[in-house]
Amino acid sequence: MPTASTPTHCPYCALQCGMALSPLPAGGVEVVERPDFPVNRGALCGKGRTAPAVLSSGVRLTSPLVRSGGSLVPAGWEEALDRIAGEFARVRAAHGADALGVFGGGGLTNEKAYALGKFARVVLGTSQIDYNGRFCMSSAAAAGIKAFGLDRGLPFPMEDIPRTGCVILVGSNPAETMPPALRFFDELRENGGTLIVVDPRRTRTAEHADLHLAPRPGTDLALALGLLHLIVAEGRVDEEYVRERTTGWEDARAAAMAHWPEYVERITGVSVPQLRQAVRLFCEPAAAMVLTARGPEQQSKGTDTVGAWINLCLATGRAGRPFSGYGCLTGQGNGQGGREHGQKADQLPGYRKLDDPAARRHVAGVWGVDPDSLPGPGRSAYELLDALGSDVRSLLLMGSNPVVSAPRAAHVEERIRSLDFLAVCDVVLSETAALADVVLPVTQWAEETGTTTSLEGRVLLRRRALAAPDGVRSDLEVLHGLAARLGVEKGFPTDPEEVFEELRRASAGGIADYSGISYRRLAEGAGEGVFWPCPADPADLEDPEATSELTEPVDGGAGRQDGGAGRRERGTPRLFLDRFATEDGRARFVPVSHRPAAEEPDEDYPVLLTTGRVVAQYQSGAQTRRVDELNAAAPGPFVELHPRLAARLGAAEGDALAVVSRRGRAVAPARITPGIRPDTVFMPFHWPGEGRANSLTNPALDPTSRMPEFKVCAVRVEKAAGTP
Ligand SMILES: Nc1nc2c(c(=O)[nH]1)N[C@H]1C(S)=C(S)[C@@H](COP(=O)(O)OP(=O)(O)OC[C@H]3O[C@@H](n4cnc5c(=O)[nH]c(N)nc54)[C@H](O)[C@@H]3O)O[C@H]1N2
Ligand SMILES: Nc1nc2c(c(=O)[nH]1)N[C@H]1C(S)=C(S)[C@@H](COP(=O)(O)OP(=O)(O)OC[C@H]3O[C@@H](n4cnc5c(=O)[nH]c(N)nc54)[C@H](O)[C@@H]3O)O[C@H]1N2
Ligand code: SF4
Ligand SMILES: [Mo]
C-alpha cells in the first residue's frame, strides 16, 4: 500500500473535490488538501474532511450477513453469494427474468455502474433495472436532450462562471450542497457580474445574491414563462441568433405570450417589478447563464420547467456561446457518469438508447452476446419500487437507501418488505440493508480505484489509498462472483481498469464517448481529468480492429468545441460553441405552458411542503449520520416555518410539529425563520423514523423523465404532543 499521500476525490457530491489521503502511523488515513485541483483548490466541506471516519471498522460492515430465523447473522462469503445466486435462479425459473430487479446508485463509479447494467441485461436477462439518479437530475437530462441533443450537466467548466455577466441560480443551494463552489459565484460578483437566486427560502446561498426571487414551490415554469414574456415585450430577443442557431421559436414564443406578468405574479408570488429587474440583470450583460438544481427539477413537470429556462437562454442567445449557457448542477459523486453507462432503465453504455437497434448491435458486440438477447427498456425507479413484491419478486440493491430517500417512503418500505428476496451491497447497515435477506459488505472509495464523472463532465480517477479490512469485497468482486454462480464465467473482471477498458470500447461512437480516456491519461499532470466526449486517439488503442471504428466522428452530434491540440489532453471542456448536438446542429425550443403541481393545497391540507438538504448530512444519511462531528452539527430533522404560520399554530421554536400529508405523518421540532414563505414549510430528508420527510412526499411522476415530485405537496401542520 502507498506510504506517501495519494491524490483522490471526495466520496460524496458531484463537485468531486480533489483531496489527498495520507497514511497515519496508527493505521487509517487522514485527508490533506490538494490545492492543485482546479475546482476546489484545496477547499473541502465538513463531509469531505471527515469522510475517512466511515472507513473505520466501528461503523461499517465487515462480514456478510444472512437472515436466519428472522435476524441477520454473520456468514461466510461463499454461503452469502450462493444464497443470492440460488434465490435469483429460483425466482427466475418460477416467474421469468423480469421478476428479478436491480437498483443502482449515482454514487457508484463508472466501472460499477457499467458492470451493474451489464450484469442485469447479460447475467439476469432482466429489463427491470433503474437507479436513484432518476430521483436526482433526470428532468434536466430529458430537457437537455430535447433542446441540445445531449445531456452533460454543465456544458462548460465551473471556472467559466466568474467570467459571465449574470447567473440565475434556480432552486439550488450550493452554500449547503457544494460549499467550495460558492467561490465561483462570489468571484462573479467581484468581477462586476450579478447573481439571481430563485428559491422559496432565503437560503444561505440567497444571502450571496443581488436579487432573490421567492416563488411559491412548484411554480418555476410560470416564472420562466413570465420572464420570457417580458423579454419579448421589451424587445430583448436576439433575433439573429434565434434565426441561425435554433428551431421552434414561434411556438415557444406564442406559449410564453399567454403568460402575462400580472398572471405570473398571481401564480408565483413574485412581483412584476422583480420580474422586470431580473430580465434587466439577465439581458444587459454580453453573456449570462441559467443554472438549475433540484428545486425546479424535482417536480411532476420538471422536464417542461427546465425546458422553459432553456427557452429563456435560447431567446436571448445565451447558449453555445463563450461564458453563456444553460447548465444543471448534478448532485451525486458520479451523478453524471452514473447516467451514461447503462444502469438506467432505457439505456446502454455511452449514453446509448436500449431501443436503438444500432446501439444494441454495437454494445452486444462488445459484450459478445446476441443483440436479440438484450431485454428492452424497464420501469423507472419509483415504478420499479412500487412493483416490488408483485411483478418484481427479488431485488439486488447497490448504492441507494430508498427506505429513507424514496417518495411515499412508508409505502416503498412496505413493498420492500413484501419481496421474496432482497440482497443489498453496502458499506454500512443502512435502513434498507437492515430489511435484506443477504447483506454484502463492500469496499469504499479510498480502498478501491475507479473513475467518476463530475458535474462538469470531467472524468476523474479515484485511487486506492489503503487496504480494505478483512471480510470486505468490492462491488465488482460481488458481480463477478454472482455472474459465475449464474453460469457466466467471463466478462465480469474484478480489476477496475479492465472494466474501464471495456467501457471505453462500449462507449466508443456514442454520445458520452470515453474511448480516448485511459487511466494513464487521467493520472497525468495534476489529475485535472478529461472532459467527455473524448473519442479515441488511434495510437492509444492496442486493438487495431477497434481503431478504425473508434476514429469515426462522434456521430456528427456532440458539437465540436474548443478542439485543436488541447482536445486530446483535456477532452471537450466546452460544448456547443460551433453547433448543438442535434441532427441539424440547431437548438430546439420547446413550447411549454404553466400547469399546477400534482397536489395543490386545499382546506384539509392547506400548506405546501418542500424538502431538501443541510450541509452536514448527505442524502439518506447512511454514511454521514455515522460521523460524530457531522451529527453534532446536524443532529436531526426539523420543520422550517415562517413566524406567521408558527403564530397561527401557537408554536414556539423547538416545539414538536406534526406534518401530515395524504401519504403519511412526520414529527420534528419547529425551526422558525422569516426567510421562508409563510405558505410553505421545509424539511430536510436525511433521517429515518418519525422525522422522515419522505413519509409525506408525493410520488407523482413527470411524464417524460419519471421524476417524482419531491419539491411540492400539500400538508397540514399541527402541534404534536410532547417534545421530539
Ligand atoms: N450537504 C449535502 N450536499 C449535497 C447532498 C446532500 O444530501 N447533502 N446531495 C447531493 C445531491 S445528490 C444533490 S442532487 C444536490 C442537490 O443540491 P440542491 O439542489 O442545491 O439541494 P436541495 O436542498 O435539494 O434543493 C435546493 C433548493 O431548492 C429549493 N426549492 C424547494 N422547492 C423549490 C421550488 O419549487 N422551486 C425552486 N426554485 N426552488 C425550490 C429548496 O428550498 C432548496 O434550497 O446536492 C448534493 N450535495
Ligand atoms: N424528500 C426528498 N427526497 C429525496 C431528495 C429530495 O430532495 N427530497 N433527493 C433525491 C436525490 S437527488 C437523491 S440523489 C436520492 C439519494 O438517496 P439515496 O439513493 O438513498 O442515496 P444515499 O443516501 O447516498 O445512499 C447510498 C447508499 O449506498 C451506500 N454506498 C456508498 N458508496 C457505495 C458503494 O460504492 N457501493 C455500494 N454498494 N454502496 C455504497 C451508502 O452507504 C448508502 O447506504 O434521494 C432522493 N430523495
Ligand atoms: S463539496 Fe461535495 S465533493 Fe466537495 S468536499 Fe463537500 S461533499 Fe465532498
Ligand atoms: Mo441527487
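Along the sequence shown, the residues carry numbers beginning at 1. Whatever order the structure lists ligands and atoms in, that order sets their numbers, starting from 1. Keep in mind it's a predicted model, so treat the numbers as computed, not measured.
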Within a distance under 4.0 Å of any heavy atom of [X], pick out the atoms of ligand 2 and give their elements.
{"X": "Asn401", "result": "18 (P), 19 (O), 20 (O), 25 (O)"}
{"X": "Cys136", "result": "12 (S), 14 (S)"}
{"X": "Cys425", "result": "37 (C), 38 (N), 39 (N)"}
{"X": "Met398", "result": "38 (N)"}
{"X": "Val428", "result": "42 (O)"}

- Note on the structure: The single option from Arg408, Lys711, Arg663 that satisfies salt bridge (Lys or Arg N to Asp or Glu O under 4.0 Å) with Glu599 is Arg663
Closest protein heavy atom (residue, atom, distance) for [atom]:
{"atom": "atom 36 (N) of ligand 2", "result": "Asp475 OD2, 2.8 Å"}
{"atom": "atom 32 (N) of ligand 2", "result": "Gln623 NE2, 4.3 Å"}
{"atom": "atom 40 (C) of ligand 2", "result": "Gly399 CA, 4.0 Å"}
{"atom": "atom 2 (Fe) of ligand 3", "result": "Cys13 SG, 2.3 Å"}
{"atom": "atom 8 (N) of ligand 2", "result": "Thr611 OG1, 2.9 Å"}
{"atom": "atom 6 (Fe) of ligand 3", "result": "Cys45 SG, 2.4 Å"}
{"atom": "atom 1 (N) of ligand 2", "result": "Asn694 OD1, 2.8 Å"}
{"atom": "atom 23 (O) of ligand 2", "result": "Ser620 OG, 2.5 Å"}
{"atom": "atom 44 (O) of ligand 2", "result": "Asp426 OD2, 2.5 Å"}
{"atom": "atom 20 (O) of ligand 2", "result": "Ser405 OG, 2.7 Å"}

- Query: Relative to each other, are the rings of Phe421 and Phe88 parallel, tilted or perpendicular (30° and 60° limits)?
  - Reply: perpendicular
- Message: Can you check atom 46 (C) of ligand 2: any protein non-hydrogen atom closer than 4.0 Å?
- Response: yes
- Counting heavy atoms only, which part of Lys711 comes closer than 4.0 Å to ligand 2: side chain, backbone, both or neither? side chain
- Task: Select one of side chain, backbone, both or neither to describe which atoms of Gln298 lie under 4.0 Å from any atom of ligand 2, heavy atoms only.
- Result: side chain
Could you tell me if [Y] and [X] have a donor-acceptor pair between their side chains, going purely by distance under 3.5 Å?
{"X": "Asn132", "Y": "Gln619", "result": "no"}
{"X": "Thr219", "Y": "Arg216", "result": "no"}
{"X": "Asn110", "Y": "Thr451", "result": "yes"}
{"X": "Thr109", "Y": "Asn334", "result": "no"}
{"X": "Gln16", "Y": "Ser454", "result": "no"}
{"X": "Asp220", "Y": "Gln299", "result": "yes"}
{"X": "Gln128", "Y": "Arg379", "result": "yes"}
{"X": "Thr494", "Y": "Glu477", "result": "no"}
{"X": "Thr303", "Y": "Thr704", "result": "no"}
{"X": "Glu297", "Y": "Thr292", "result": "yes"}

Going by distance only, is there an N or O of [X] that falls short of 3.5 Å from an N or O of ligand 2?
{"X": "Val442", "answer": "no"}
{"X": "Thr697", "answer": "no"}
{"X": "Thr443", "answer": "no"}
{"X": "Arg294", "answer": "no"}
{"X": "Ser430", "answer": "no"}

- Is Lys112 near ligand 2, meaning one of its heavy atoms is under 4.0 Å from it? yes
- Message: When you measure from the heavy atoms of Val427 to every atom of ligand 2, does any distance fall below 4.0 Å?
- Response: yes
- Task: Record the part of Gln16 in heavy-atom contact with ligand 3 below 4.0 Å; permitted values are side chain, backbone, both and neither.
- Result: backbone
- Query: Only one of Leu61, Thr62, Val478, Asp426 forms a side chain to side chain contact (heavy atoms under 4.5 Å, CB included) with Pro441, so which one is it?
  - Reply: Leu61
Atoms of ligand 3 less than 4.0 Å from [X] heavy atoms?
{"X": "Pro180", "answer": "1 (S)"}
{"X": "Gly48", "answer": "5 (S)"}
{"X": "Cys17", "answer": "1 (S), 3 (S), 4 (Fe), 5 (S)"}
{"X": "Tyr12", "answer": "7 (S)"}

- Task: Would you mind reporting whether Val712 and Ser300 have side-chain heavy atoms less than 4.5 Å apart?
- Result: no
- Under 2.8 Å: N/O/S of Cys10 next to atom 8 (Fe) of ligand 3: yes
- Stepwise salt bridge (charged side-chain N to carboxylate O under 4.0 Å, His left out) test for Arg134 and Glu383: CA-CA 11 Å; Arg134 184 75 70 167; Glu383 292 165 292; over 6 Å; no
Would you call [X] and [Y] a salt bridge, taking side-chain N to carboxylate O under 4.0 Å as the test?
{"X": "Arg473", "Y": "Glu447", "value": "no"}
{"X": "Glu30", "Y": "Arg49", "value": "no"}
{"X": "Asp36", "Y": "Arg41", "value": "no"}

- Task: Nearest heavy atom to atom 19 (O) of ligand 2 wins, so pick from Asn132, Leu108, Leu696.
- Result: Asn132
- Task: Check each of Glu709, Gln619, Arg613 against atom 9 (N) of ligand 2 and report the one with the nearest heavy atom.
- Result: Arg613
- Establish, yes or no, whether a centroid distance under 6.0 Å links the rings of Phe103 and Tyr131. no
